[in-house]
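By convention in this document, chain letters (A, B, ...) are assigned in the order of the sequence lines, proteins followed by strands, and residues within each chain are numbered from 1.
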Amino acid sequence: MTGATITRPRRSAQPPATGRGAGARRILTRVAVFAVIAAVPPLLFDDYWVFMSAQVLAFAVATLGLDILYGRTGQMSLAHASFMGVGAYTTYIVSSYGHGPAIQLGAVVVVALLAALVVAVPTLRLSGLRLALVTLAFGELLAWVIRETTDLTGGTQGASVDPIVIGTWDSSEPLHAYLIALVPAAIATLLAAHLGRTQLGRRMLAVRDTELAAESVGVAVARTKITAFLISAVYAGIAGWLYAAIVGFIAPPDFDLFASVYLFVAVVIGGAGTVLGAWLGAAYIVLVPELFTLAGQPNLYPIVGGALLAVVALLVPDGIVGLGRGLWRRVRGARGGQEGSR
Amino acid sequence: MSRTATHNTVAPAVRTEGLTVRYGAFQALSDVTVSLPAGQISGLIGPNGAGKTTLLNAISGFTSIAEGSVHVGHADLTALDARRRALAGVVRGFQTVRLLDRESVLTNVLIGTERLPQPSALAQFFGLPSQWRAGRRDTAAAAEVLDLLGLTGQAHRRVDELPFASRRLVEVARVLVSSPSVILLDEPAAGLDQEGRQELAAVLTRVHHNHPSTMVVVEHDVDLVKSLCSYVIALDSGAFLRDGTPAEVFGDRQVQLAYFGRAAGADA
Ligand SMILES: Nc1ncnc2c1ncn2[C@@H]1O[C@H](COP(=O)(O)OP(=O)(O)O)[C@@H](O)[C@H]1O
Ligand SMILES: [Mg+2]
């Protein structure tokens, strides 16, 4: 009754969040590209840059999480670094009792979820500025708790975190840290990409773009916001766990408002709503300040970073990924002509 | 009317009783009691500002009701919010299309599958088998409705790249994809050319034939209403004016006065 076209092979089962995509071959291509890029630091970089690359992995987990909350669900959080802090300090406390990575990770997930529930449920119906302010307050609260519990957390002086040890691997070795962090980063990436293919992921997009349409088809808007907040908090917590293990020392400034703003900048500059954008953003916030420091101009980074954010916000609202896609489309348009219309 | 008579037992009737909607001191609907026959396509007509959209809003739960009630079948939906009414089978399209502008046509249609039983958030997030099954079911439903509306070739284009008429069809597709039992469409043919209007009418007739539903279409085009609808309700200035078959309603002097500003001889 619906015609022959229905039974024809379709490209319908693709990740809608990535727009025009393709099936299994495209996914395999992406996995292969990811693997090749992931192999570069251990093969070509010296210890120092492997160490920096391991940090990129940790921050990528954080930006992937923030992208789910902001890029896809459109909810503004200024506490994302605070949730990294929740993960990092939970790791510190749990490891100081001698527990290994598995228990650390479990504790980080549970504590991040509980903290996120505390923030998300009262803000159930908040959005935009009000949500941002509540998340801001949570960040301040966390900083206060850390200051007031010096015995437990090291207070303002910070704390040395034991490395993750798995068999003969030890995350105080840059190469081991990199390889250990690669696994959760890859899983976080896969799950974030898969989310775009699910109704859960589409609910988030609908909440971001048009709550009316979302409700009109039965989407639970508040529940979707909370789910996105919980997922993003767990991502941030795991990022904090990795960060603590890789860097080996944590202090409140690592997770303050500025850190949250930088994560936000990363997502926007990379390209909100895209997995690739979250990765580019993570690389940007870890590597670019480092390059300025190496060039002897560490003070330039905030200025250049601020200017770049302004340029991106005004001229390329879809970030680096959007810029790349636009160029790609233009190149193909110039070569192939009418592709867009078919 | 015979066209849809076979479905009367499946789709529920929609009834409003004494419906009054106020915006401040302004009364957008005044004591409107109407009955939309089960399993039929009804037309909702009236001049601009008559309260057609407000009536759809009241039925679908998108505006608060000062007085009166909304019933679908034997259920009183008055106390339910918009989302619960959608889950109960009442799905509407918006006069101003509300799409996920940066997403593909396919994504915009798939969001409409929310009413179908969806796996838990955890099962979806981790890609458990139930997620894959639901995904295949939803994709098949979307493919069917895209094909029906002639949007298959556009499935992977961003909706903000599409001409307005196609965007309107995407809005309609999002409503139809879950085969709701009560379908409310607010000027779905606006912006379509003559050919497009006829195609849309044919598609809606076909959808209605394949999936029994009680359908309400707000539409200005008299010929379109006559070809599509078996029943018509006319509103004017927030009040019920007349109902009946298209011939009865369009033949009514009062309707002609209110609707066309003059009696008889009005063109579409
Ligand atoms: N949210 C609102 N606030 C104030 N007035 C409104 C609102 N929605 C509709 N109205 C008014 O109610 C009347 C009916 O509007 P509407 O139902 O949109 O008419 P129609 O769809 O028949 O053109 C109009 O005069 C409109 O200005
Ligand atoms: Mg209207």
Do Phe125(B) and Thr198(A) come within less than 4.5 Å of each other through their side chains, counting heavy atoms only? no

Partner chain B: residue of Asp318(A), Thr227(A), Val219(A) with the largest heavy-atom pair count (under 4.5 Å): Val219(A)

Verify side-chain contact (heavy atoms from CB on, under 4.5 Å) between Gln118(B) and Arg203(A), making sure each step is shown before the conclusion. CA-CA 12 Å; Gln118(B) 296 290 349; Arg203(A) 283 175 198 152; 3.7 Å; yes

Is [X] in contact with chain B via its backbone, its side chain, both, or neither, using a 4.5 Å heavy-atom distance?
| X | value |
| --- | --- |
| Ile231(A) | side chain |
| Ala214(A) | neither |
| Arg208(A) | side chain |

Quick check on [X] against chain A: is it the side chain, the backbone, both or neither that has a heavy atom closer than 4.5 Å?
| X | value |
| --- | --- |
| Arg158(B) | side chain |
| Ser60(B) | neither |
| Leu99(B) | backbone |
| Gln131(B) | side chain |

With a 4.5 Å cut-off on heavy-atom pairs, point out which of Gly127(B), Ala134(B), Gly93(B) contacts chain A the most. Gly127(B)

What residue, out of Leu87(B), Val177(B), Ile111(B), has the most heavy-atom pairs lying under 4.5 Å from chain A? Ile111(B)

To the nearest 0.5 Å, what is the distance between [atom1] ([X]) and [atom2] ([Y])?
| X | Y | atom1 | atom2 | answer |
| --- | --- | --- | --- | --- |
| Phe94(B) | Leu212(A) | CZ | CG | 5.0 Å |
| Phe126(B) | His194(A) | CZ | NE2 | 11.0 Å |
| Ser216(A) | Arg174(B) | OG | CZ | 4.5 Å |
| Arg197(A) | Thr107(B) | CZ | OG1 | 11.0 Å |

Specify the closest pair of heavy atoms between [X] and [Y], including all atoms of both residues, with the distance to one decimal.
| X | Y | answer |
| --- | --- | --- |
| Arg83(B) | Gly218(A) | NE-O, 3.2 Å |
| Gly112(B) | Val217(A) | CA-CG1, 3.8 Å |
| Ala121(B) | Leu200(A) | O-CD2, 3.7 Å |
| Glu103(B) | Asp209(A) | CG-OD2, 4.3 Å |
| Asp138(B) | Arg202(A) | OD2-NH2, 4.3 Å |
| Gln199(A) | Leu110(B) | OE1-O, 3.3 Å |

Is it the case that over 12 heavy atoms from other parts of the model lie below 6.0 angstrom from the CZ atom of Arg115(B)? yes

